[in-house]
Structure formats: structure tokens, C-alpha cells
Amino acid sequence: MTDTAASIASPRAFDAIIIGTGQAGPALAGRLHAAGMRVAIIERHFVGGTCVNTGCKPTKTLVASAYAAHTARRGADYGFTTGPVSVDMGVVAARARKVILDSRSSNEDWLGSMPNVTLIRGHARFEGADTVVVNGERLTAPRIFINVGGRASVPDMPGLAEVPYLTNSSMVELATLPRHLVVVGGSYIGLEFAQMYRRFGAQVTVIERSDRLISREDPDVSAAVRKILEDESIDVHTGANEITFKPHTDGVEIAAGSISVTGSHVLIAIGRRPNTDDLGLESAGITKDQRGYITVDDHLQTSVPGIWALGDCNGRGAFTHTAYNDFEIVAANLLDGEDRRVSQRVPGYALYIDPPLGRAGMSDAEAAKTGRPLLFAKRAMTAVGRAVEKGETKGFMKVVADAETRRILGAAILGTGGDEAIHGILDMMSADRPLDELRWAVPIHPTVSELIPTLLVDLAPAAD
């Protein structure tokens with residue numbers, strides 16, 4: 001059926017339409033189904049979205065394989081020998097693939113178990129404020145939820161179109177070991193791949209345009225992360241302007257000023273963009289910002305009543321957990337009579353290199369910009385008994401607080417278990433409780449978290 005014929009045929013009516021099956025979509029379908037609604041959920045690619053298929057699930061599986069190989073090579077530090085450690089990338093890739101397929105099929109089975117939820121595979125486009133067309137069929141609903149996620153941003157860089165390159169999506173499908181992986185982009189995604197492939201046995205070079213890695217972090221965090229990577233023989237080049245690419249007999253030559261590197265494989269990891277350019281949003285009157293993100297209010301409603309945008313496509317969060325929280329906000333407001341808002345969310349995230357970086361709230365630099373009187377504290381991981389016992393003492397933990405309200409404004413834990421230990425602080429911030437209450441908690445020994453109350457005792461104004 002053509003789109004013209006579809007516009008004439010009677011539409012299929014639902015109580016709600018969800019476009020996209022990322023982290024927010026299936027969960028929302030479940031809540032709406034439980035509320036007695038007929039729901040259509042549309043997916044044009046793989047059920048589960050980025051996290052399941054090209055993001056968290058496969059990459060953290062690869063990180064775990066890389067960590068195991070790295071630890072085995074350190075056997076002598078722990079009193080045992082293993083002999084030479086080699087990595088079978090075919091097995092590593094198959095393990096990640098199984099995790100993807102198991103999670104994807106679990107999502108599909110769950111959606112299929114709900115009789116009033118219809119999974120439609122195809123590309124949805126808006127025809128109006130309450131109508132979308134998919135596979136030539138018109139669907140209508142008084143409530144439409146956009147959950148289309150994002151993809152790697154590939155800018156128009158000189159010569160890039162003439163050479164082969166990888167993004168995060170194609171990188172997780174790689175079943176062979178690169179001789180020399182060049183990562184263009186020194187932020188979260190790029191650094192995770194850089195370290196894991198170095199541990200798999202590849203030569204790795206990171207090229208970053210900014211003056212330092214992960215430039216949204218404080219300089220001490222950036223410097224510590226760089227040292228961690230360089231200690232593992234990863235070459236790091238920052239301040240790389242005018243990056244160009246051209247074919248080479250050994251792969252791809254990448255140049256930036258005085259830097260010239262030839263890699264067998266190139267990973268482009270310099271940002272993300274929303275999947276909003278081919279949804280026909282203009283036909284519904286839905287507005288976007290200059291970067292393509294759908295504009296939403298504090299309740300995640302778009303410029304059109306009855307249409308919401310959740311997850312990466314709304315520019316209000318770039319993580320699986322923020323997408324899921326978007327679902328929680330919308331479901332609570334629609335079904336539970338609550339007044340939940342995005343602005344109530346305390347930012348938290350992690351960088352999954354080893355050791356990981358756990359972050360909550362503001363950086364020191366962001367806190368300083370507020371003009372509030374501040375207190376700071378910082379301790380090296382060498383002071384954490386658990387880290388010493390594990391033989392993993394790289395990094396530090398730090399916190400910044402408001403001196404007047406006694407509220408924690410932000411924290412960073414770069415060190416073993418940092419991605420888990422940060423939650424003690426994140427929970428205190430979410431509960432909006434004074435730091436003194438956490439000061440008198442009695443943490444379990446030996447853990448990384450046990451040093452947090454001690455860290456809070458150290459809080460003091462910044463030294464002049």
C-alpha cells in the first residue's frame with residue numbers, strides 16, 4: 001500500500017503509540033498495558049535500542065573480557081603464573097553477541113506476552129499530531145511517545161569519506177584484532193574501546209581535538225585518566241586540530257598538525273546525534289533544537305500536546321538510566337497522578353575504563369560557577385584499604401559541597417569499584433539530605449565506600 005492509499009484507508013486506532021524500543025519504550029508499554037490501554041510499539045531496527053544492541057550490553061561484556069585478560073597478565077603480582085596470555089577475538093566477540101541476542105529476545109518475549117501490546121516492525125513517520133504511517137498503514141492514538149535514541153555522529157572531516165572507519169555500532173561486531181587501532185575522540189566511548197583493545201593486544205592511539213581527554217571533567221580527573229591509559233602503553237595526542245584522513249597501504253593515515261599515524265583500523269568516537277531527522281516531525285508540528293534534539297518541557301512533553309519524547313532523542317540525558325527515568329517520570333505523571341520533573345534528577349554516570357570513574361552531580365568547576373561558598377575534599381585510592389588489598393590503587397575520590405546548606409553538590413570516584421561506590425553519594429543527593437547524615441553512617445569494612453564518611457570529615461574551603 002502506498003502512503004497515498006494509506007491516507008485514504010481507515011487508520012488503526014490505539015490508545016497509545018510508542019516509536020522505538022529502547023530503554024524507555026518497552027517499560028512504558030508495560031505500564032500502559034497494565035492500565036488497560038491498547039498500545040502499538042514500533043521498531044525499525046532491533047528491539048532493545050542502543051543499550052542492548054550496540055551500547056552497554058556488548059561494550060561492558062567486552063570490558064569484562066579485557067579486564068580478565070589484563071588481570072591474568074598480572075598474575076605474578078598476586079602470587080601465581082599463567083604463562084603467556086593470548087586473546088581469541090572470535091570467542092570474545094561471540095560472548096558479546098550472545099549477551100546481545102539473549103537480552104534482545106528477552107525484550108521481544110516480554111512485549112509478546114502482553115496481549116494488548118502490538119509490536120510493529122518498520123519505519124514510522126508522522127502524518128499529523130495524532131497519526132503515524134508505518135509500512136503503508138496509518139495508526140492513530142491520542143498519546144504518542146517518541147523513543148528513537150541516537151547514533152554516532154560522523155562529521156565531514158577531510159578525507160574521511162574516502163577511507164574505511166568504524167563507529168561504536170560496527171566496533172562491537174568486530175571479531176578480529178586490529179594491528180593498530182586509532183581512536184579519534186578522547187571521550188567516554190572512545191576511551192573504553194581504546195583500553196579494552198589495548199588489553200586484547202592491539203597497538204592503540206587516541207587522538208583528541210580538545211586540550212585534554214574527557215574535557216567535561218575536572219582537569220585532575222582528565223590527567224589521571226590519561227596517565228592510566230598511558231601506563232598501559234596507549235599513545236594519547238590531545239590538542240589535535242585539522243584532523244585529516246587518507247588511504248595507506250597499511251590501512252589509514254591520520255594526520256593532525258605534527259601528528260601522523262597509520263592505523264589498520266579507525267574508530268570515530270566524537271559524539272552522538274539524535275535519530276530525529278527522518279520521522280516527519282514537521283508534519284506534526286514538533287519542534288527540534290539546532291542539534292536535532294526534540295525540545296521538551298520539564299515533564300518531557302513536546303511542543304505538541306499529547307506527544308512526549310523520551311531518552312537520548314530529547315537531549316535531556318544521554319544514558320540508559322536517564323532514558324529509564326524518563327519512562328518513570330512520564331508513567332508517574334500520566335498514571336499515578338504525580339508531578340515528577342526532569343529537573344529533579346541528579347546527574348550521575350560512569351566511565352567504564354579500568355579503574356572506572358563514577359560521577360554524581362557537579363564537577364568542581366561547575367560548582368565554582370554557582371558562586372556558592374564551597375567545601376572540598378580529596379583522597380587518593382592508596383588510602384582505601386580495599387583498593388590496597390585488591391592491588392588496584394590507581395585514582396582518587398573527591399567531593400564538593402555547599403558550605404552553607406551542607407548539601408553535597410558533586411563527587412567523583414576514579415578507582416576500583418568507583419562506579420558502584422558513587423551511589424552512596426548519589427542517593428544522598430537525590431534524597432536532598434545534609435552530608436552530616438552520611439558522615440555518621442557505619443559502612444561495611446573492607447569496602448571502597450567505607451572511606452566516604454572519612455572523606456566528608458576532610459571537607460574544607462579551597463586553599464588560596
Side-chain angles (χ1 to χ4, degrees), residues 45 50 54-55 59 62 148-198 200 202-217 219 222-223 225-226 229-230 232-278 288-293 312-313 315 318 351 353:
H45 200 209
T50 297
T54 61
T59 58
L62 294 170
V148 294
R151 63 189 186 276
S153 177
V154 181
D156 184 16
M157 303 173 77
L160 184 59
E162 282 70 58
V163 300
Y165 61 86
L166 299 158
T167 66
N168 70 293
S169 297
S170 51
M171 197 78 197
V172 299
E173 299 174 353
L174 201 60
T176 58
L177 182 66
R179 176 186 56 78
H180 184 179
L181 175 64
V182 179
V183 179
V184 180
S187 196
Y188 306 91
I189 293 174
L191 298 187
E192 290 177 14
F193 278 113
Q195 187 186 54
M196 75 171 74
Y197 271 88
R198 178 62 190 139
F200 290 148
Q203 180 182 353
V204 176
T205 299
V206 175
I207 298 177
E208 166 58 36
R209 292 179 293 185
S210 299
D211 291 337
R212 54 189 176 88
L213 301 178
I214 45 174
S215 56
R216 69 177 289 179
E217 305 296 341
S222 294
V225 167
R226 178 169 186 158
L229 299 177
E230 290 181 333
E232 295 189 28
S233 299
I234 296 172
D235 293 327
V236 178
H237 301 280
T238 53
N241 296 315
E242 299 179 359
I243 303 173
T244 63
F245 305 81
K246 67 179 180 180
H248 190 279
T249 54
D250 291 329
V252 179
E253 182 180 341
I254 304 97
S258 60
I259 304 167
S260 180
V261 179
T262 300
S264 60
H265 296 70
V266 176
L267 170 63
I268 303 298
I270 55 175
R272 306 278 292 172
R273 60 179 297 182
N275 293 325
T276 59
D277 43 352
D278 57 357
K288 301 184 292 184
D289 66 17
Q290 292 182 338
R291 299 179 299 161
Y293 291 98
D312 293 5
C313 68
L351 165 65
I353 61 166

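Computed from a predicted model, the values in this text were never measured in an experiment.
When each of D312, D277, D278 is checked for a salt bridge (charged side-chain N to carboxylate O under 4.0 Å, His left out) with R151, only D277 meets the rule.
A donor-acceptor contact shorter than 3.5 Å is absent between the side chain of E232 and the backbone of I234.
With a 4.5 Å cut-off on side-chain heavy atoms, T50 and R272 count as touching. At a threshold of 4.5 Å between non-hydrogen side-chain atoms, the residues I207 and I254 count as touching. In this structure, the side chains of D250 and R179 come closer than 4.5 Å at one or more pairs of heavy atoms. Taking 4.5 Å as the limit, every side-chain heavy atom of R291 sits out of range of all side-chain heavy atoms of R273. In this structure, the side chains of I270 and M157 come closer than 4.5 Å at one or more pairs of heavy atoms. By the 4.5 Å heavy-atom criterion applied to side chains, Y197 and L267 are not counted as neighbours. A 4.5 Å side-chain heavy-atom check between L213 and L229 finds at least one atom pair inside the cut-off. Inter-residue side-chain proximity for Y165 and V154 is flagged as met; some heavy-atom pair is nearer than 4.5 Å.
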TODO: Test F193 against V204 for side chain to side chain contact (heavy atoms under 4.5 Å, CB included), laying out the working first.
DONE: CA-CA 10 Å; F193 278 113; V204 176; over 6 Å; no
Open item on the list: Between I214 and L351, is the side chain to side chain contact (heavy atoms under 4.5 Å, CB included) condition met? List the steps.
Closed with: CA-CA 10 Å; I214 45 174; L351 165 65; 4.0 Å; yes
Task: Residues D211, T238; criterion side chain to side chain contact (heavy atoms under 4.5 Å, CB included); working and verdict - done: CA-CA 5 Å; D211 291 337; T238 53; 5.7 Å; no
Open item on the list: Pair H180, T262 - check side-chain hydrogen bond (donor to acceptor under 3.5 Å, both in side chains), show working.
Closed with: CA-CA 8 Å; H180 184 179; T262 300; over 6 Å; no
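Heavy atoms only, all atoms of each residue included: A152 and N168 are closest at CB-OD1, 3.7 Å. Smallest separation of non-hydrogen atoms from G149 and C313: O-CB, 3.8 Å.
Side chains of R212 and S222: a donor-acceptor N/O pair is present below 3.5 angstrom, by distance only.
E208 CD to S215 OG: the interatomic distance, rounded to the nearest 0.5 Å, is 6.0 Å. Here the straight-line distance linking atom NE2 of H237 with atom OG of S260 works out to 10.0 Å at 0.5 Å rounding. Atom CG of residue D235 and atom CD of residue E230 lie 8.0 Å apart, to the nearest 0.5 angstrom. Atoms NE2 and CG, on H45 and N275 in that order, are 10.5 Å from each other to the nearest 0.5 Å. Distance CG/L191 to CE/M196: 11.0 Å, rounded to 0.5 Å.
For Y188, the ring-ring contact (aromatic ring centres under 6.0 Å, His included) partners are Y349, not counting sequence neighbours. For the ring-ring contact (aromatic ring centres under 6.0 Å, His included) test, no residue two or more places apart in sequence or in another chain qualifies with F245.
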